[in-house]
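Order of the sequence lines sets the chain letters (A, B, ...), proteins ahead of strands, with each chain counted from 1. In this text, all values refer to a predicted model and were calculated from it rather than measured experimentally.
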Amino acid sequence: MTWIVRNLWLIPALPALAAGLSALAKRHQRRFSASLAIGAMGLSFLLSLCAFSQVMLAIAHGQASRQVVNFPWFQFGDQWLKLGWMLDPLTAIMLVMVTFVGLLIFIYSTGYMAHDDNFTRFFCFLSLFAAAMLGVVIANSLLLLFMCWELVGLTSYLLIGFWYHKPSAAAAAKKAFITTRIGDLAFLVGMLWLFSQAGTLLFYDQGAGCLEHSALTAMVAHLTSIGMAASTGIALLIFAGAVGKSGQVPLHVWLPDAMEGPTPVSALIHAATMVAAGVFLVARVYPLMAAHSDTASVITATTALQVVTWIGAITAVFAALIAVAQNDIKRILAYSTVSQLGYMMMGLGVGGVAVGMFHLITHAFFKSLLFMGAGSVIHGCQEEQDIRRMGGLSKLMPITFATYAVGMLALCGFPLFFSGFWSKDAILHAAMGWSISRVPFYLGSLGALLTAFYMTRQVYYVFFGTSRLASHNEVAPATHAPHSTSATPHESPSNMTVPLVLLATCAILLGAIGTPAWPWFDSFLSGESPVFAFAGFLEHGILPVMLTSTLIVFLGLALGWWFYGRKPILSADRPDALEQLHPGIFHVLQNKFYVDELYEHTVIRWNSALATFSDWLDRWVWNGVVMSVSNLVLGLSWLARSTDTYLVNTSFDEGCHTVTTSGKLLARLQSGRTQSYLRMVGIAFAALVLVLIWSARS
Amino acid sequence: MLGEGIAKGLIETARNFLGSYVNKDRLTTVQYPEERLPQAEATRDFPFLVYDGEDWQAGLRCVGCQICEKECPPKCIFIEKSTDKKPDAVGKPQFYPAVFNIDISVCMSCQICVKVCPFDAIKMDTAFELSTYDRFGGLLWDKAKLAKPNQHYHEIHPTEAAEVDGRLADERAKADAKAKAAAEAKASAPPPATPPAAPPANSGVSSTS
Amino acid sequence: MTPLSSCLLLSSLLFSVGFAGVLMRRNAILILIGIELMLNAANLNFIAFWRYGSAPEALTGVMFVIFSIGVAAAEAAVGLALIISIYRHRKTTQIDRMNSMRG
Amino acid sequence: MTALSYNSLHHSSPQAADQIFVIVQHWIVGHAPVGLQPLLAILLSVVAIVGGFGLLFAITTILERKGLGRIQNRYGPNRVGFFGSLQPIADAIKSLTKEDIVPQTADKLVHLLAPILLVLAAFSVYAVLPVGRNMVLVNLDAGVLFFFAIGSVTEVAVFMAGWSSRNKYSLLGAMRAIAQMISYEVPLILSSLTVIMATGSLSTVSIVEKQAGYTGILPHWFIFTPWGFAGFVLFMIAATAESNRSPFDLPEGESEIIAGYYIEYSGFKFALFFLGEYLGMFAISGLAITLFLGGWNAPLPFLTWVPSYLWFFAKLLTLIVAFIWVRGTLPRLRMDQLMNFAWKFMLPMALLNLITAAVWHFMPAGPVRWLVSIVLVVVPYTVLGRNQMHKGHLEKRVYRFAE
Amino acid sequence: MLFTIFAALTVAGAVAAISLRNLVHSVLSLILAFAGLAAVYLLLGAQFIGFAQILVYVGAVAILIVFTILLTRNDGTFGHSSQASWNLGALIVIAVFGTLAWAIHSSTALHHAPPPQPEATMQQIGTALMVRFALPLEVIGLLLTAALIGAATIALHEKQERP
């Protein structure tokens, strides 16, 4: 076992240490805390690279690509609860992604948060978040993963509510926390079930782990009362946790609201890492998801995977539809994220780990690029977030525009040169070949169309046409009055643009590792050496899918241009082009299909109705019962009292007198002095010993 | 950081320690019996009695008025007044102390006796090495031990002594003038019938003063 | 006389002296002293039986005394704190004057 | 030098210079009748300890007075003998010939017993201090425990002195001293626990043996580990307080309670107190040397030819000089500062240091272990230190009994 | 021989502790008794217990009692009970001791040869504490903590008492 595997814990420990140290820092020690966080993250990145190359080497030498370190944590009964970490291709790739994106976001934050009073606190939380996320990634125990998972939830709560003085931010933080908690509850139940079934929570433990063959076959064989295999039930419960964390329908409502946090937080949490944690979780427990009765290890559509696929596909389209009608720059990206996460889920469901994870990795880069670009835009426009009040920024913020365009094209899946194309294509191809139904494929294609459309819409709104910032100032002077003189948008400082450029480069280049001709990513994850062959393109169904999706993308782009690019948008208050076309549908979309309202009217209403009912029950039914009982008792006691007073008392008074006199005699013994009692004890002791000896003698 | 100050202090004392071996200027100690610091002029230790002229018995300024005895806080002065009189510094016949004792071991150098003395007869001395082998009474000083000449006073407190001498000379001059005036008044008071031959006797009186 | 019985005799003597202190003195502190002596007598018993018992390698007697010493320290601290607290209210340490609960 | 040491003599092959005292003792004991031999051996050792440390006491008094003088830019005593070197003898003659004054209301017996008990307790603890190779009076299995147990008897002696004098200052001084000693005994023992954890033994001899050996030229002393260094510093601070030395010399704070618990002592009894205090200081420094500074081991591998006892006394003198230096530097603390420091800094630091030692023990050797241990020591130090420093500035002092 | 001396010392200290009129003298005699007992422990081969006895009883408990004595002023009467109850108490104590001594004297179980000195090294005691008696040790730790907090709370200055 190599050095890096033994010390893999250092990767999350370093940011955790940085968090601890900057928690001690004073408020004005900005440079200290920032350099601490960035330094720790940089070290973690280097270590991750070491880990990554270690895995690469292992694969190249044909060794086992998964290395596990387990250690006992504590003992209960005669069982040791073990924790541990592992290094396998999945972990390695995630480590590199999280630390690299995290590092860039940290650097970006020094620019974005430069004027915030709570700069040090921000970096403390950010480091803690990174530590928790890395802990999720390296965990080799569902328990450890769950602990870090919860820590991720906590830090996301802290970060979303970072500007807690804003009521909306505080509410969003609460919403995020509570909504994800619903999923986590299911996760916890699933975990307990898993423990009761497998007797361990370690993933891999030399054949004894819960994701290994013996445990899986046992779980598959164990049928519950409703005829479902235990493994399916567990997998679905764990998937519920992933649904909460990854913002899948129906628990997606928290993610767009979470945009109340600072933009680097959105980039880190809601693009690259935390929401990806759900996808990662599904990928991690994939053997469980895919467990089925026949032992051949080809991917078959088990019940769990079908659920994953359907939920992913529905989410992909559902969120993309909503995104079409949003006006907040970050909200659009948020719904886009939800939609893309749906894609990933779908990819996992239909195509296996590699397909979903490839999209996760590429998405992490270009989505954080988009978020940071959006942050740069917001930063440049004096905290304006409404795309209708922007416009014409392509000349004022050239670097931001260029990088944003790269991100947007990658997200749309622009053919050949952008990573998004390849990863999305892999998903679509897998969906095409799915054995159960073609519907996910059509849903996915529709989602791709919508994605291209709304991204075009956004870009046209933000970067083209004329600047509508000034008009905004005339409309609502009260909100931004102090800035009205210096309202011209400007390019962001270099510590914000450099990460953008780096990420844009990655967004383009990353596509090269997962093309059908050179499926490096796929083989890396499965621990094989990649083979380069153009023949990959000729495989059944690949070229048609590529062609279809290319057409779809161009169609989306064209539609976007048709609605928004053809005529420049002149005023912020003019209704949207789509709204003019069909206001009814647009409003439904703009109001997010009324999901929040639906929850408001169903779940929350039911809950409060139930509470009211409980209160009523308490007040009238139980209280009435109690009152009548007490009245009964009162009546009885009255009866008893009268009997007492007139019958019993007179006869007892005499007797009591006698007792009193005799009691007084006895009371002399009960002097209340401990010492006299002790004397009795002494006498009794002596007597007892004598009796004992006497009886022993005779 | 906790401990910084301690380290600084330790360095400082270490510098003192080493420096005292290198740099003799650091050492402020005087090797006392061999070396002594010059006394400041304002030094005051214990009282003594001033006398004028050569003979300490005759020149003692003290008139035994016992003011200092009454004022002394620790009551360390003991005075017995004489029954006869003798002329004082100004020339007036005055009482003198038959016994004048100060218990130096009780004296607290408060200088009140000096302040209250109307005759500038008691002053503070600068001697401080007063150890004796005699445990009882060794520091009970009598008149003979206490009396010091005016020159000694000039030696230890020159400025103050000069001022006192000046004041005494003034007083004496004033007393002379007064006596002269009185004599003249006496001379002019008799009726003019008296012949002017009388003055020689008068002038003889004034010359004696 | 075997060493064990002499140990036990010493222990019982110590116990009796402590018991006498508890019975015959009225000062709360002195009673506490008596109790401490009785505890020590018990400890001596444990040690003696460990030393001359059948299975000394089990160290049970020694362990018992270690724990007993710990408990005694706790007991002394709490007892003395109680005495101080009572003294603060009643200005006495004589136990027969602490009779406010008396009917 | 008891039976145990004889045995170890046979299998070790020491140089003559190193073992000269052992050999001489052996030789003398060999002439005595067999029945008396163990008694004689112990007696000889006791005489050696009393003589040796008595001499060290004399040396230390003159060293301290000279050193303090130089620190304050004075000469110090320089009249008696060559550069004042005979001053201790003069002091001894003076204090022996002075009148022994006992207050009329004093509890005469307790007043007499107090200094004797103090000196007895102070001398007893030397029984377990390994002064050199094979030079320990008894190699007790529970040596360190013995040291602390006997050390706690000092508190009784101090109380006897303060109470029996029937003087409010002496009683106050005694109560202060006891409160201080109890408070600092906790971090003292906790900080030495780290060493006991590391060696797994309470025997002073085996603790010293565990520190023999060198890595390169660095000796295996516990002070050269992060927890050992922190433990040593904590131990020395607590030791300063235990031996009532400046800046923790509140029990004798001249400005408030004149001289503390020995205010009513004069002449020989006072000298005994003086002796007891210094012996306590030597003993606790000796324990610090045993626990952290490698006992009588040579600091560098090529210096092992120097006799072991010389190393012990060299280290002891170094620590004494440090004590004097600190005394010449720091002003006396206030009572509340003293207690704050004990309970809010020393105790948590000592507890955390235990954890650090445990972490050190369980982690594999390497730079990571160093890093983690150093962080575990430095971070709490910074935090607690900051807390300590800010306390004094912000808190208004409340005078409970002077309202 | 040594045992007799130390036993006599212990009993003398104990008797003095409960019979002396001056409380401080009582405590000092109590310390003597404790020290004598510690010596007896050492004679019996229980080194750890002997030193722990000195550390805990002499170093801590006795000092605590001393503090209590100084914090509570004596109110003049020297705590002896009335003559009648004193006599009764003495009688009972003698009875208790008599039965105990008789029981010990007449016991047959005690009359066997003393076994060889058992080993009780620190190593063994430590191992036993950490392995076999780990749970009692934890409980004692809990008890001590509770006692610490309890004692501090009880003896704490009560604010509302002040005018």
Q. When rounded to the nearest 0.5 angstrom, what distance separates CE in Met122(E) from OG in Ser206(D)?
A. 11.5 Å
Q. For chain E, which residues from residues 154-163 of chain D have at least one heavy atom closer than 4.5 Å to it?
A. Glu155(D), Val156(D), Phe159(D), Met160(D), Trp163(D)
Q: Look at Ser152(D), Gly151(D), Ser164(D) and state which one has the largest set of heavy-atom pairs under 4.5 Å with chain E.
A: Ser152(D)
Q | For Ile54(E) against Ala149(D), the heavy-atom pair lying closest together | A | CG2-O, 3.5 Å
Q. What distance separates Met175(D) CE from Ile63(E) CD1, expressed to the nearest 0.5 Å?
A. 8.0 Å
Q) For Phe345(D), does the CZ atom sit with more than 12 other heavy atoms under 6.0 Å from it, leaving out its own atoms? A) yes
Q: Would you indicate whether the side-chain heavy atoms of Phe146(D) and Gln47(E) approach each other to under 4.5 Å?
A: no
Q) Would a 4.5 Å heavy-atom cut-off, applied to side chains only, mark Leu70(E) and Leu171(D) as touching? A) yes
**Q.** Steps toward side-chain contact (heavy atoms from CB on, under 4.5 Å) verdict (Ile150(D), Phe51(E))
**A.** CA-CA 8 Å; Ile150(D) 300 298; Phe51(E) 295 143; 5.7 Å; no
Q. Between CG of Leu64(E) and CD1 of Ile178(D), what distance do you get to the nearest 0.5 Å?
A. 11.0 Å
Q: Nearest 0.5 Å please: distance from the CG atom of Leu28(E) over to the CG atom of Leu113(D).
A: 9.0 Å
Q. Would you say the side chain of Phe48(E) lies within less than 4.5 Å of the side chain of Asp141(D), judging by non-hydrogen atoms?
A. no
